[in-house]
Amino acid sequence: MSTLEQLKSAKSLGDLAKILGYTPKGLSYILYIRYKLDPKEKYRTFEIPKKSGGTRTIQAPEKKLLLLQKRLSEMLYECVNELKGEHPRFWHASHGFQKKKTIVSNADVHHGRRFVFNVDLEDFFDTINFGRVRGFFIHDNTFKLDPSVATVIAQIACHENALPQGSPCSPLISNLIGNILDVRLLSLARATQCTYTRYADDLTFSTNETLFPTDIAVNVHGSDWEVGDKLRYEIEGAGFSLNSGKTRMSLRHSRQTVTGLVVNAKVNIKQDYYRSVRAMCNAVFQKGTYSQPLDDETETKSNLYPLEGMLSHIYFVKARRDRSTKINKLAIEAKEFCQPQALKSYTETFCSISILRHQRLH
């Protein structure tokens, strides 16, 4: 019996506990007893800075709850993989939180287009509350779970009536519920000769048509665009709301970006990002410290982890853009593999930074 069939046949907390590798008593203890005296022990809350400014609240679950959520996530991923096997285009539009899909695959779909329109959803995880999670697993045609089982899944996944950012099962469940929106917007995109993808809360439409469809976006004045009535209707009808401050239209002769990557001729890193990282590397090699672009120049850093992360991001994007995995594999088998020069230079810089950090630690 497949994992999805086992889940559909489950009728109680005990049945679900068995699928997740717990005893009914053990699962009940984690959900209803362990954190009863002090609910604050259930999650650790902290803030991380956003690229766009402000902070993002992360709620990281305690160890025992974390393990339970990981097992739930793994079980649901098995169900999703079964559904993908039966329906190859299942989750076709979504590129976030999936194996073999990245910000690069999301951006690549939209490169070389006349129009690229980006829309952002407001409070994506917070709008997916306990009732929506429970209702989805009860009513969705691919699951149709017993109400008592759906209730337990929602209790495992939700905190303070929302999907917490920091839980390992939040990305998957948000994609399941977000797929309802994807189905609506794929239909709209096909009807208007557009291409549509979603990466978490970031929606992108692109087209090579002479005029951009007014159902999706309307040119108000000059370079000002706003969301079309039909697109707004579909988003709100799926239970989400728009972040109007992050609506952006970009034309062919201006810089077009999707999930932070330039997509005009090919998927690439922004030039100002390149220059910033290069300047930071130079500062490290010259002075041993560096400052990030938005920091006060007098506030220098010696921690090399952020810089390593930026170099890794550049390598990640360029490796996937310059060479496909299949081509690299064939080249290695033929003993003809040669790393692209751009990647080689960044690899050497990354190694130098890593060696420098290692020397400091020891």
Side-chain angles (χ1 to χ4, degrees), residues 73 76-77 79-80 83-84 87 89-98 101 106 109-110 116-145 147 150-151 153-154 157-165 167 169-207 212-218 225-249 258-259:
S73 177
L76 292 176
Y77 265 118
C79 295
V80 168
L83 292 168
K84 283 183 177 180
H87 311 284
R89 292 185 71 81
F90 182 72
W91 277 16
H92 173 71
S94 174
H95 288 253
F97 318 126
Q98 292 196 65
K101 285 192 174 185
N106 182 63
V109 176
H110 303 283
V116 175
F117 185 58
N118 295 290
V119 178
D120 196 75
L121 300 179
E122 184 111 46
D123 299 326
F124 181 61
F125 285 97
D126 290 342
T127 55
I128 303 175
N129 57 30
F130 180 92
R132 287 185 74 177
V133 175
R134 181 179 181 273
F136 170 83
F137 284 108
I138 293 172
H139 301 296
D140 186 78
N141 288 330
T142 54
F143 287 92
K144 286 190 174 293
L145 304 186
T151 300
I153 289 175
C158 294
H159 176 59
E160 296 178 346
N161 199 31
L163 286 180
Q165 294 190 57
S167 164
C169 54
S170 291
L172 175 61
I173 292 175
S174 72
N175 257 356
L176 286 168
I177 294 175
N179 188 58
I180 298 168
L181 173 64
D182 293 338
V183 171
R184 287 170 171 250
L185 297 190
L186 278 170
S187 178
L188 175 60
R190 281 194 294 268
T192 54
Q193 288 75 53
C194 284
T195 300
Y196 161 75
T197 62
R198 177 177 62 84
Y199 192 94
D201 59 354
D202 193 340
L203 318 180
T204 305
F205 293 85
S206 65
T207 185
F212 197 80
T214 55
D215 282 346
I216 296 176
V218 179
W225 291 71
E226 64 180 30
V227 173
D229 291 339
K230 181 66 173 174
L231 176 56
R232 186 182 299 275
Y233 172 80
E234 296 293 358
I235 289 173
E236 292 177 353
F240 296 98
S241 57
L242 288 161
N243 183 347
S244 56
K246 291 189 175 180
T247 298
R248 185 179 70 260
M249 172 68 81
V258 176
T259 46

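None of the values given here were measured: they were computed from a predicted structure.
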Going through the distances and angles, do D201 and F125 end up as a side-chain contact (heavy atoms from CB on, under 4.5 Å)? CA-CA 9 Å; D201 59 354; F125 285 97; over 6 Å; no

Rounded to the nearest 0.5 Å, how far does [atom2] of [Y] lie from [atom1] of [X]?
| X | Y | atom1 | atom2 | answer |
| --- | --- | --- | --- | --- |
| L76 | L172 | CG | CG | 5.0 Å |
| E160 | D126 | CD | CG | 10.0 Å |
| H159 | S170 | NE2 | OG | 11.0 Å |
| N243 | D123 | CG | CG | 8.0 Å |
| I128 | I173 | CD1 | CD1 | 9.0 Å |
| E234 | D215 | CD | CG | 9.5 Å |

Decide side-chain hydrogen bond (donor to acceptor under 3.5 Å, both in side chains) for H110 and T197; before the verdict, give the C-alpha distance in whole Å, the side-chain angles of both, and the deciding distance to 0.1 Å. CA-CA 9 Å; H110 303 283; T197 62; 2.7 Å; yes

Side chains of residues 133-143: which donor-acceptor partners sit under 3.5 Å, not counting sequence neighbours?
from	atom 1	to	atom 2	distance (Å)
R134	NE	T151	OG1	2.7
D140	OD2	T142	N	3.0
D140	OD2	T142	OG1	2.2

Answer yes or no: is there a side-chain heavy-atom contact under 4.5 Å between [X] and [Y]?
| X | Y | answer |
| --- | --- | --- |
| V218 | W225 | no |
| C158 | L163 | yes |
| S174 | F124 | yes |
| C194 | S206 | no |
| F90 | N179 | yes |
| F117 | Y196 | no |
| V116 | M249 | no |
| R132 | T127 | yes |

Do the ring planes of Y199 and F97 sit parallel (below 30°), tilted (30 to 60°) or perpendicular (above 60°)?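 Ring orientation, 0 to 90° scale: tilted.
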
Determine yes or no for a side-chain-to-main-chain donor-acceptor pair under 3.5 angstrom, with [X] supplying the side chain and [Y] the backbone.
| X | Y | value |
| --- | --- | --- |
| Q193 | A189 | no |
| K246 | V119 | no |
| K230 | T214 | no |

Under 6.0 Å from the CG atom of D229, do we count more than 12 heavy atoms belonging to anything else shown?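 Counting neighbours around CG of D229, 12 or fewer heavy atoms of other residues, nucleotides or ligands fall under 6.0 Å, so no.
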
Taking all atoms of both residues into account, what is the closest heavy-atom pair of G237 and R184, and its distance?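 Scanning both residues completely, I find the closest heavy atoms to be O-NH2, 3.5 Å.
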
Distance-minimising heavy-atom pair for P171 and S167: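 So the two residues come closest at CD-O, 3.3 Å.
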
Any chance you could lay out the side-chain contact (heavy atoms from CB on, under 4.5 Å) test for F205 and L231, step after step, and finish with the verdict? CA-CA 11 Å; F205 293 85; L231 176 56; 3.8 Å; yes

Stepwise side-chain contact (heavy atoms from CB on, under 4.5 Å) test for D120 and L242: CA-CA 6 Å; D120 196 75; L242 288 161; over 6 Å; no

Stepwise side-chain hydrogen bond (donor to acceptor under 3.5 Å, both in side chains) check, T204 with N118: CA-CA 5 Å; T204 305; N118 295 290; 3.1 Å; yes

Please determine whether side-chain hydrogen bond (donor to acceptor under 3.5 Å, both in side chains) holds for the pair R198 and N175, giving the CA-CA distance in whole Å, both sets of side-chain angles, and the decisive distance to 0.1 Å. CA-CA 10 Å; R198 177 177 62 84; N175 257 356; 3.1 Å; yes

